[in-house]
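Atoms considered below: every heavy atom in the structure, side chains included; atoms not considered: hydrogens, waters and symmetry mates.
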Amino acid sequence: MELLYKSTRSSEESVTASQAILKGLAEDGGLYVPERIPVLDIEIEALSKMTYQEIAYEVMKLYFTDFTEEELKTCICSAYDEKFDTEEIAPIRKADQTYYLELFHGATIAFKDMALSILPHLMTTAAKKNQVKNEIVILTATSGDTGKAALAGFADVEGTRIIVFYPKGGVSPIQEKQMITQKGKNTYVVGIHGNFDDAQNGVKEIFGNQGLKQQMDQTGFQFSSANSINIGRLVPQIVYYVYSYVKLLADGEINNKETINVVVPTGNFGNILAAYFAKQMGVPIDRLICASNENKVLYDFFSTGSYNKNREFILTSSPSMDILISSNLERLIYKIAGEDAQANRERMQALKKEGVYTITEEMKAQLKDFYGNYATEAETAEVIRDLYKKTGYVIDTHTAVAAAVYKKYQEETKDEKKTLIVSTASPYKFTRSVMNSIDKKYDGMGDFELVDELSRISGTAVPRAIEEIRCAEVVHNRVCEADRMMGTVQEILGIC
């Protein structure tokens with residue numbers, strides 16, 4: 001049965017999965033959502049005997065219904081291969097009675113690899129299915145991880161170009177070096193003077209500019225997105241929640257149908273939304289614990305029912321979460337509003353104009369599965385230090401935010417249910433913050449000295465992604481003002 005997609009801001013148009021992937025963002029600025037959330041059509045116990053790739057097919061076939069079995073399996077096999085440094089793709093590590101889902105074993109050592117390894121294959125397949133003749137321009141804003149993962153995924157992919165905007169000075173030194181040393185004749189990286197929200201808003205405005213769209217079409221280009229607003233990013237993320245549950249079952253850590261909690265460090269809300277979708281599909285997940293850093297706009301939303309971005313933007317040691325506009329939350333708001341596109345559109349317009357919107361009490365009641373809290377910088381560092389001293393296991397700053405929030409959740413609720421913490425990045429990506437959390441004596445070391453010291457104290461090998469950038473040449477040095485992003489895109493494409 002074919003599953004179509006519609007915009008969160010209009011009920012007029014339905015598109016196929018491949019069309020939604022190609023467009024990225026709907027014409028009216030809304031996000032594509034499936035007309036229904038499909039239910040797993042295979043028993044959990046049967047899934048527990050499958051590989052990651054096999055589970056990926058069982059999940060994705062339910063969403064991407066206009067892809068043939070051969071097309072989808074080819075995309076999956078091309079994505080989840082030797083570029084991951086573990087055979088399991090997403091191994092689970094138990095430390096201090098908690099399970100850590102390690103999503104950082106891909107090419108860029110962050111969870112974005114899980115979806116961005118497959119998105120280029122989905123997109124090029126979708127282009128062929130829809131007889132697209134234009135060159136596809138992937139336009140993306142990043143708070144640190146999406147950029148490199150998207151660049152690595154799309155580098156030298158025929159028929160595509162990729163332009164990544166990131167906040168100059170707002171990402172870690174390792175994150176920046178990963179991006180600005182990216183090779184590929186079709187890759188472009190631009191630092192902006194501003195924060196991630198400025199970059200994200202600029203990208204959305206470019207997508208919504210009809211004059212530019214016509215100009216692009218006339219010159220043989222069309223935009224698409226690699227951000228988590230693209231449904232081709234969201235669906236692959238659902239896979240690892242299904243996989244992690246059945247992996248715990250296969251390993252004898254849980255019983256069949258036993259519910260678990262999931263803790264997700266959250267910025268743009270896509271990762272925890274994927275967990276919500278997995279729950280709706282039938283995975284026995286109980287609480288969805290939304291962990292924020294000091295940019296705690298989501299914690300305040302879950303506490304009050306009001307989403308308010310009118311606040312100070314704080315640069316933290318978990319920069320991928322330094323976000324005040326959580327774009328993917330729109331998909332959840334749309335669903336709990338009874339899929340009322342007009343009401344959703346009005347809320348999003350209010351967010352853009354006044355910086356705030358409020359949901360109804362009826363909508364708030366539908367968020368009972370979610371728990372929100374946040375961790376301060378001091379609490380984040382304390383968790384890294386304590387977990388290392390207790391177990392020898394080293395986690396990055398984003399994962400530490402999740403662990404700190406989980407600790408608060410336990411103290412508040414006394415819930416002893418088995419819990420999965422989503423580990424979204426390798427500690428090697430944030431070595432200075434991680435090592436300073438363990439001991440201030442490391443503060444005087446250089447970035448790559450810290451890498452080697454982390455390897456020594458953790459007993460883990462330095463990831464290939466880090467070794468590759470030690471002496472890599474900087475190939476991208478373009479910087480612009482936030483209000484010059486559109487002009488910069490036109491210059492890159494030669495359509496000024």
Backbone N or O of Thr98 within a donor-acceptor pair of the Asp96 side chain at under 3.5 Å?
-> no

For Ile229 and Glu330, run side chain to side chain contact (heavy atoms under 4.5 Å, CB included): C-alpha distance rounded to whole Å, both residues' side-chain angles, the deciding distance at 0.1 Å, then the answer.
-> CA-CA 10 Å; Ile229 56 175; Glu330 180 174 345; over 6 Å; no

Which residue pairs pass the salt bridge (Lys or Arg N to Asp or Glu O under 4.0 Å) test with at least one member in residues 172-184, sequence neighbours excluded?
-> Lys168-Glu176

For Ala107 against Asp113, the heavy-atom pair lying closest together | N-OD2, 3.3 Å

Side chain to side chain donor-acceptor pair (under 3.5 Å) between Ser228 and Gln237, intermediate numbers included = CA-CA 10 Å; Ser228 57; Gln237 290 180 277; 5.8 Å; no

Just how far is it from atom CG of Leu3 to atom CG of Leu62, taken to the nearest 0.5 Å?
-> 8.5 Å

Do Ser327 and Lys204 pass the side chain to side chain donor-acceptor pair (under 3.5 Å) test, and can you show the C-alpha distance, the side-chain angles, and the key distance before you say yes or no?
-> CA-CA 10 Å; Ser327 290; Lys204 286 182 177 179; 2.9 Å; yes

Within 6.0 Å of OH in Tyr428, more than 12 heavy atoms from elsewhere = yes

Exam field: side chain Glu377 to backbone Ser317, donor-acceptor pair closer than 3.5 Å | yes

Lys/Arg N to Asp/Glu carboxylate O, Glu467 vs Arg470, below 4.0 Å | yes

Would you sort out whether Cys75 and Phe64 count as a side chain to side chain contact (heavy atoms under 4.5 Å, CB included), showing the intermediate values?
-> CA-CA 12 Å; Cys75 289; Phe64 301 149; over 6 Å; no

Tyr99 six-ring centre to Lys418 NZ/CZ under 6.0 Å and within 45° of normal = no

For Lys128, look at atom NZ and say whether over 12 heavy atoms of other residues, nucleotides or ligands are found less than 6.0 Å away.
-> no

CG/Asn436 to OH/Tyr442 distance, rounded to the nearest 0.5 angstrom?
-> 10.0 Å

Apply side chain to side chain contact (heavy atoms under 4.5 Å, CB included) to Tyr32 and Gln19, showing your working.
-> CA-CA 10 Å; Tyr32 284 114; Gln19 289 168 339; over 6 Å; no

Pro167 and Thr142: which non-hydrogen atoms are nearest, and at how many Å?
-> CD-O, 3.1 Å

So OG of Ser117 and NE2 of His121: to nearest 0.5 Å the spacing works out to 7.5 Å

Say whether, by atom type as modelled, one donor and one acceptor occur between the side chain of Thr146 and the main chain of Lys112 under 3.5 angstrom.
-> no

Can a salt bridge be assigned to the pair Lys247 and Asp251 using a cut-off of 4.0 Å between side-chain N and carboxylate O?
-> yes

Lys407 atom NZ, over 12 foreign heavy atoms within 6.0 Å | no

Audit row: Asn227, Gln200, side chain to side chain donor-acceptor pair (under 3.5 Å) steps and yes/no | CA-CA 9 Å; Asn227 277 82; Gln200 183 167 250; 4.7 Å; no

Salt bridge between Lys129 and Asp66, side-chain N to carboxylate O under 4.0 Å?
-> no

Mind checking ring pair (Phe, Tyr, Trp, His ring centres under 6.0 Å) for Tyr5 and listing every partner two or more places apart, or none if nothing turns up?
-> none

Anything under 30° is parallel, anything over 60° is perpendicular, the rest tilted; go ahead and classify Tyr52 against Tyr80.
-> perpendicular

Can you label the angle between the Tyr409 ring and the Tyr406 ring as parallel, tilted or perpendicular, going by 30° and 60°?
-> parallel

Under the 3.5 angstrom rule, does the side chain of Asn255 hit a backbone N or O of Glu258 as a donor-acceptor pair?
-> no

Measure the spacing between CG of Leu273 and OG of Ser326 and express it to the nearest 0.5 Å.
-> 11.5 Å

Side-chain heavy atoms of Tyr388 within contact of Ser437, under 4.5 Å = no

Steps toward side chain to side chain contact (heavy atoms under 4.5 Å, CB included) verdict (Val137, Ile492) | CA-CA 11 Å; Val137 179; Ile492 288 172; over 6 Å; no

Establish, yes or no, whether a centroid distance under 6.0 Å links the rings of Tyr393 and Tyr100.
-> yes

From CA spacing to verdict: salt bridge (Lys or Arg N to Asp or Glu O under 4.0 Å), Arg385, Glu382 | CA-CA 5 Å; Arg385 181 174 61 253; Glu382 181 184 6; 5.3 Å; no

Would you sort out whether Phe277 and Tyr241 count as a ring pair (Phe, Tyr, Trp, His ring centres under 6.0 Å), showing the intermediate values?
-> CA-CA 9 Å; Phe277 271 58; Tyr241 290 106; over 10 Å; no

Are Asp85 and Arg464 close enough, and set up right, to give a salt bridge (Lys or Arg N to Asp or Glu O under 4.0 Å), and what steps lead you there?
-> CA-CA 9 Å; Asp85 62 20; Arg464 187 169 63 238; over 6 Å; no

Is a side-chain N or O of Thr187 found less than 3.5 angstrom from the main chain of Gly184, in a donor-acceptor match?
-> yes

Heavy atoms from other residues, nucleotides or ligands near CD of Glu473 exceed 12 (cutoff 6.0 Å) | no

Can we say Asp145 and Lys429 salt-bridge, meaning some charged N sits less than 4.0 Å from an Asp/Glu carboxylate O?
-> yes

How many angstroms lie between atom CG of Leu72 and atom SG of Cys77, to the nearest 0.5 angstrom?
-> 10.0 Å

Measure the shortest side-chain to side-chain distance between Val283 and Leu40 over non-hydrogen atoms and say whether it is less than 4.5 angstrom.
-> yes

Where do Thr399 and Ser423 land on the side chain to side chain donor-acceptor pair (under 3.5 Å) test, with the steps shown first?
-> CA-CA 5 Å; Thr399 309; Ser423 188; 3.0 Å; yes

If you measure from CG on Asp156 to CD1 on Ile162, what distance do you get to the nearest 0.5 Å?
-> 11.5 Å

Could you tell me whether the side chain of Val489 reaches within less than 4.5 Å of the side chain of Tyr188, counting heavy atoms only?
-> no

